[in-house]
Every structure is written in C-alpha cells, then in structure tokens.
Amino acid sequence: MSPEVLILGAGMIGTCAALQLARRGLRVALLDRREPGRETSYGNAGLVQREAVQPYPFPRDAQALGDAAFGRTPAVHWQAGALPALLAPLARYWWHSAPQRHARISAAWSALIAHSQTAHADLIAEAGAGDLIRPGGYLQVFRSAPALAQAAAKAQSLASAHGLEHQVLDARRLQALEPALHPGPAGAVHWQQPWAVRDPGALVQRYARRLERLGAPLLRGDAMTLEPWGEGWRVHADEAGWVHAPRVVIALGPWSAALTRRLGYRLPLFVKRGYHLHHRGPATGPGLRLPVLDAECGYVLAPMAAGLRLTTGAEFAPLDSPPTPVQLARASACARELIELGEPLEAEPWLGNRPCSADMLPFIGEAPRHPGLWFDFGHGHQGFTLGPVSGTLLADLMTGAPPLVDPRPYAPARI
Ligand SMILES: Cc1cc2nc3c(=O)[nH]c(=O)nc-3n(C[C@H](O)[C@H](O)[C@H](O)COP(=O)(O)OP(=O)(O)OC[C@H]3O[C@@H](n4cnc5c(N)ncnc54)[C@H](O)[C@@H]3O)c2cc1C
C-alpha cells in the first residue's frame, strides 16, 4: 500500500479531508482506531449550521460571566478540578473574545461557513445520503419577550450582513409550527436554511463508503504510532502493518493535541464536553418537527432516527475525566418545561468533546516545523457543519490549487 496522503482520524473532519483529496485523484488512506464517525461526529446535534456565522465567544459581560461562573445557566458547567489545567487556554480564549478581535475572527470563520452547506450538498449527492437530511431549518426558542426581542434584532443584523434566511415567530406562530411544544415561550427565531441530520454518525459512514468506492482503504490502527520515516511518515495499521506516505494529515478532533504535543507543538487547544440522551418524545400527537435550541437554557432537542436527542451545552473538564450527571439533569429539567420528553431510551448518556482552540478558529494547513505534516482540527461547536469545506480548503492547499477562501487565518503557524 503506498498512499500519497495518510489521514489520521475518521470523524467528519478526517473523512471529508480524505474524500476531498480522493475526489481530486490523490491516492489516500484513512486510519482510525474505530469505525468512521463513532466519536464526536456521532453524538452531536446533527445541525448543518449555515447561520452559525460567529463562533461562540467566551462571555465578557458581567451578567453572562456570573451566570457561567456560578452555575446559574445549564448551558455551562465547570469541573472545579479542571480549572488549573484550563487556565492558560481559557485566558487566551477570553482575550480573543474581546469584541473587536471576535469580529475579525468571525469574518474568517464566516468565510468557511458560507461554503459549508454547498460543500455538504456535493458530498451528500455523491454519497447517496439525501435520506438522512431534513431541510427546514431549526428554531431558537426564547422564553422571555425581552430575550426574543434582543435575539430578533441580532438575527436581523446577521441575516442582512450574511444573506441568511430567517423569520421571527411570536408565541402563536411558534405553537402553530410546533404543536408538540407546551405553551409558554415568548417565541422563536426560525433559521430556515440549516439542515438537520437524522443520524450524524451515519452521514460520516456514507461519506466513508463513498471514499472506499473511490478506491481508498479504511485502516484500523493507533495514530499515536506516527513517526517520521525517510522523506515522509509512517503509522502502524492493525492489519496492513506499517503504512508509509510522504504526507500525513492529523484530523483526530479532540485527540489531536496529544499527538501534536508529542511532535513538539504546544497549541492552545481544549475541549468543551457535551452529553446526549435520547427520549421517546410525546406519547400522543405530533412529535417535534424541527430541532429546537432552548436559547436561555443552552441545550438542543433534535428529532433523530434514534429518538428525541437532547444535547447539552459546554462542560469544561479534562478530556478523559469521568462523566458528571449535573448538566444533563439540569437541561432535562428545563426541557420538560418545553415538551413532553417521555422516558429516556438509554441507561447512560453519551459523552463527547468539542475540539476547541483559543482563537476559535480551526487549524488547517501545513505544520510549521515538519514538512509533509498537515493539520485539520479544532472546529469547535461546528465541526459537523465544516467537515466538507474544511476538506476542500485542505485539498486546495495540498494540491496547490487556488484556495477557496483566504487560508491565512487558519494557518498552523499563526500561534
Ligand atoms: C453535544 C455536541 C453537540 C454538537 N452539535 C453540533 C452541531 O449540531 N453541528 C455541528 O456542526 N457541530 C456540532 N458539534 C461539534 C462537532 O460534533 C465536532 O466539531 C466535530 O464532530 C469534530 O469532528 P472531528 O472529526 O474533528 O472529531 P471526531 O468526530 O471526534 O473524530 C476524531 C476521530 O479520531 C479518532 N482517534 C482519536 N484518537 C485516535 C488514535 N489514537 N488512533 C486512531 N484514531 C483516533 C477517533 O476515533 C475519531 O473517529 C457538537 C458537539 C457536541 C459534543
């Protein structure tokens, strides 16, 4: 086996990187310790978020900071023991979140987001995955009238700046659109372009099957065996033994930091953990049609093939520390005010890790000190959305094609 490029990590990001390179005729191999799409890209809320034109900043105003610090919102949870290790990257996250810096970062971020849906559409068509996609957008539901008014003003300004389609629904129109919701919320912002994916892990698997049809092998193995070899790199695959390639891409999502650190890169990466649990949903009447973000409580309810998936906001904790039940319990209590959740369908929640960087931008490009080593990780809250477009940019850079967007904000050498 002699791939020209070896991609490490078969989540949404690595699978799409491999696919975009293979579509341009490069010989690639994709390696993971598991089946494709079984980690973060499996358990997310399944939204392809055309409207997500700004990455989530660290809270800067006193009210939001206080809410996060003192646990007044289920959207954020801290494991106190995690704080010493997190202080350095979080301090940089806070610094990058100052309004002017966040505006500059958002300009770069939104350039990628603008192509995210069309890039998915191409791959969905080629992979025959249209049955997994539910068009129609999603709802940001607001409980109080002032919060709705503030969100409506912000939505209007983002919509005009970025060509986004949205509607503001009052309580009556929200109830008409989603009769499964209990009366009570003041209304919602309906973002109309995003797609909901019925089974996020299955979409990655369809992309991986498409990759195989293009002739690329899917290998099992441990990416931590990566080492320089001759003019290039090698990694050990369980069945195939040592696999060599002149170029390698690290796309290990939240695990990327472990490998890059071993290679001498101290990147400001951290994770925001998140949980999900499926519920049966309302016993009678219509179920939820569209995904709902309960904006003031910070969780998402997404109707999926496996049930009504409740996904939580951000938990700041080390990657491998044991799960804590706090955030999911609080989000579930909030959700029961909004809808008949029904009984849980699993005994234990799923736990995953959003791969985040201090400046809220992914690392896409060649590593500064190792020829042939490439990065594609750190896509934070929207990696499921960004996989195909991130792969396009990476493939542009690796093949010398004119880049789809200015690659400098994502360059690994920026930090
Ligand atoms: C609760 C929650 C909700 C979310 N909702 C959304 C959403 O609605 N929309 C959206 O766009 N994004 C969402 N996200 C974010 C999104 O899921 C992630 O940004 C994205 O899945 C990251 O993809 P990835 O391929 O980088 O990482 P992963 O999917 O985690 O893939 C990394 C791969 O690396 C492999 N790996 C790790 N270590 C090794 C090793 N040593 N050897 C071999 N293989 C290894 C893993 O097995 C895995 O397959 C959400 C995240 C969470 C947690």
Side-chain angles (χ1 to χ4, degrees), residues 6-18 30-52 55-56 75 112-113 116-117 120 138 194-197 200-201 203-205 207-208 218-226 235-238 249-260 262 269 271-277 291 293 298-302 304 309-315 319-320 327-328 331 349-357 360 362-364 375-391:
L6 185 55
I7 293 96
L8 307 179
M12 180 57 94
I13 299 299
T15 303
C16 289
L30 178 62
L31 177 131
D32 201 294
R33 60 188 173 194
R34 305 187 64 180
E35 282 278 298
R38 300 311 294 168
E39 292 283 359
T40 330
S41 301
Y42 158 81
N44 55 57
L47 292 171
V48 177
Q49 287 187 266
R50 173 64 186 90
E51 93 303 342
Y56 281 104
L112 273 186
I113 286 282
S116 59
Q117 214 162 12
H120 262 295
Y138 82 100
W195 295 330
V197 177
L203 184 60
V204 181
Q205 297 212 332
Y207 288 172
L218 305 190
L219 306 172
R220 287 290 179 90
D222 182 358
M224 297 301 282
T225 58
L226 180 72
V235 74
H236 194 266
D238 295 346
V249 179
I250 298 179
L252 298 170
W255 294 274
S256 302
L259 186 50
T260 52
R262 241 191 39 195
L269 298 168
V271 296
K272 292 185 192 172
R273 307 206 309 178
Y275 299 81
H276 88 218
L277 191 64
L293 166 66
Y299 64 88
V300 172
L301 283 171
M304 291 212 176
R309 180 178 287 189
L310 189 161
T311 62
T312 67
E315 182 180 61
L319 181 63
D320 293 324
Q327 206 179 19
L328 190 64
W350 171 87
L351 167 61
N353 301 276
R354 298 175 183 88
C356 296
S357 74
M360 293 160 270
F363 288 86
I364 307 170
F375 293 168
D376 193 4
F377 52 75
H379 297 75
H381 287 254
Q382 270 88 32
F384 189 70
T385 300
L386 290 171
V389 68
S390 189

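The chain is numbered in sequence order, starting from 1. Ligands are counted one by one from 1 in listed order, and the atoms in each one are counted from 1 as well.
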**Message:** What I want to know is whether His381 and ligand 1 share at least one N or O pair that is separated by under 3.5 angstrom.
**Reply:** yes

**Request:** Check ligand 1 against Trp255 and write out every atom of the ligand that is under 4.0 Å from a heavy-atom position of the residue.
**Result:** 30 (O), 37 (C), 38 (N)

**Gln205/Glu35 under side chain to side chain contact (heavy atoms under 4.5 Å, CB included): CA gap, chis, key distance, verdict** = CA-CA 8 Å; Gln205 297 212 332; Glu35 282 278 298; 3.7 Å; yes

**Request:** Look up atom CG in Asp238 and atom NE2 in His236, then write down how far apart they are to the nearest 0.5 Å.
**Result:** 7.5 Å

**Non-hydrogen atoms of Ala75 and Gly298 that approach each other most closely** = CB-CA, 3.7 Å

**Message:** Among all protein heavy atoms in this structure, tell me which lies nearest to atom 41 (N) of ligand 1, with the distance rounded to 0.1 Å.
**Reply:** Asp222 OD1, 2.9 Å

**Message:** Quick check on contacts: which atoms of ligand 1 are under 4.0 angstrom from a heavy atom of Pro254?
**Reply:** 27 (O), 30 (O)

**Request:** Name all residues meeting the side chain to side chain donor-acceptor pair (under 3.5 Å) criterion together with Arg34; count only those two or more places apart in sequence or in a different chain, and write none if there are none.
**Result:** Glu39

**Asked** What residue and atom, counting heavy atoms only, is the protein's closest point to atom 38 (N) of ligand 1, and at what distance?
**Response** Arg33 CZ, 3.3 Å

**Per-atom contacts, ligand 1 versus Gln382 - under 4.0 Å to a heavy atom** = 10 (C), 11 (O), 12 (N)

**Request:** Say whether Asn44, considering both its backbone and side-chain N or O atoms, lies within less than 3.5 Å of an N or O atom on ligand 1.
**Result:** yes

**Item:** side chain to side chain contact (heavy atoms under 4.5 Å, CB included) evaluation trace for Met12 with Tyr207
**Value:** CA-CA 9 Å; Met12 180 57 94; Tyr207 288 172; 3.8 Å; yes

**Message:** So if I count the atoms of ligand 1 from 1 in the order they appear, which ones are less than 4.0 Å from some heavy atom of Ala45?
**Reply:** 3 (C), 4 (C), 5 (N), 6 (C), 8 (O)

**Message:** With heavy-atom distances below 4.5 Å as the criterion, would you say the side chains of Pro254 and Thr40 are in contact?
**Reply:** yes

**Message:** For atom 8 (O) of ligand 1, what's the nearest protein heavy-atom neighbour? Residue, atom name and distance, please.
**Reply:** Leu47 N, 3.0 Å

**Asked** Looking at ligand 1, does Gly221 have a heavy atom less than 4.0 Å from it?
**Response** yes

**Message:** Under the rule for ring pair (Phe, Tyr, Trp, His ring centres under 6.0 Å), what residues qualify as partners of Phe363, not counting sequence neighbours?
**Reply:** Phe377

**Message:** Out of all atoms in ligand 1, which are within 4.0 Å of some heavy atom of Ala223? Include the element for each.
**Reply:** 40 (C), 41 (N), 42 (N), 43 (C)

**Asked** Would you say His276 contacts ligand 1, with heavy atoms under 4.0 Å as the rule?
**Response** no

**Item:** Reported CZ-to-CE distance for the pair Arg262 and Met224, which is rounded to 0.5 angstrom
**Value:** 4.5 Å

**Complete:** Of all protein heavy atoms, the one nearest atom 30 (O) of ligand 1 is Thr40 OG1, 2.5 Å

**Message:** Only heavy atoms of Met224, strictly under 4.0 Å: list the atoms of ligand 1 that pass.
**Reply:** 41 (N)

**Item:** Check: Gln327/Tyr299 side-chain N/O donor and acceptor closer than 3.5 Å
**Value:** no

**Asked** Does an N or O anywhere in Gly9 fall below 3.5 Å from an N or O of ligand 1?
**Response** no

**Prompt:** Which residue holds the protein heavy atom closest to atom 15 (C) of ligand 1, what is that atom called, and what is the gap in Å?
**Reply:** Gly380 O, 3.3 Å

**Asked** Can you find a side-chain donor-acceptor pair between Asn44 and Thr311 that sits under 3.5 Å?
**Response** no

**Asked** Do any nitrogen or oxygen atoms of Leu386 come within less than 3.5 Å of a nitrogen or oxygen of ligand 1?
**Response** no

**Request:** Consider only side-chain N and O atoms of Gln49 and Gln382, and report whether a donor and an acceptor are under 3.5 Å apart.
**Result:** yes

**Asked** Polar-atom distance check: Asp32 versus ligand 1, any N or O pair below 3.5 Å?
**Response** yes

**Prompt:** Nearest protein heavy-atom contact for atom 36 (N) of ligand 1: which residue, which atom, what distance?
**Reply:** Leu252 CD2, 3.6 Å

**Asked** Looking only at distance, does Arg34 have an N or O less than 3.5 Å from an N or O of ligand 1?
**Response** no

**Message:** Whether Arg309 engages the ring of Trp350 as a cation-pi pair (distance to the six-membered ring centre under 6.0 angstrom, angle to the ring normal within 45°) should be assessed.
**Reply:** no

**Message:** For the 3.5 Å polar cut-off, considering only N or O atoms, please tell me whether Gly37 and ligand 1 meet it.
**Reply:** no

**Request:** State whether the shortest distance between N or O atoms of Met12 and N or O atoms of ligand 1 falls below 3.5 angstrom.
**Result:** yes

**Item:** From CA spacing to verdict: side chain to side chain contact (heavy atoms under 4.5 Å, CB included), Leu219, Leu30
**Value:** CA-CA 6 Å; Leu219 306 172; Leu30 178 62; over 6 Å; no

**Request:** In sequence, state the C-alpha distance, the side-chain angles, and the governing distance for Val204 and Tyr42, and then conclude on side chain to side chain contact (heavy atoms under 4.5 Å, CB included).
**Result:** CA-CA 8 Å; Val204 181; Tyr42 158 81; over 6 Å; no

**Message:** Could you identify the single nearest non-hydrogen protein atom to atom 1 (C) of ligand 1 and state the distance to 0.1 Å?
**Reply:** Arg354 NH2, 3.5 Å

**Request:** Could you walk me through whether His276 and Thr312 pass side chain to side chain donor-acceptor pair (under 3.5 Å), step by step?
**Result:** CA-CA 6 Å; His276 88 218; Thr312 67; over 6 Å; no

**Request:** For ligand 1, find out whether one of its N or O atoms is nearer than 3.5 Å to an N or O atom of Gly383.
**Result:** yes

**Fill in**
Under 4.0 Å between heavy atoms, the region of Ala258 that gets near ligand 1 turns out to be neither

**Item:** Atom pair CG/CH2 of Leu203 and Trp195 - distance to nearest 0.5 Å
**Value:** 10.0 Å

**Complete:** protein heavy-atom neighbour closest to atom 29 (O) of ligand 1 works out as Ser41 OG, 2.5 Å

**Asked** Is there a nitrogen or oxygen of Gly352 sitting under 3.5 Å from a nitrogen or oxygen of ligand 1?
**Response** no

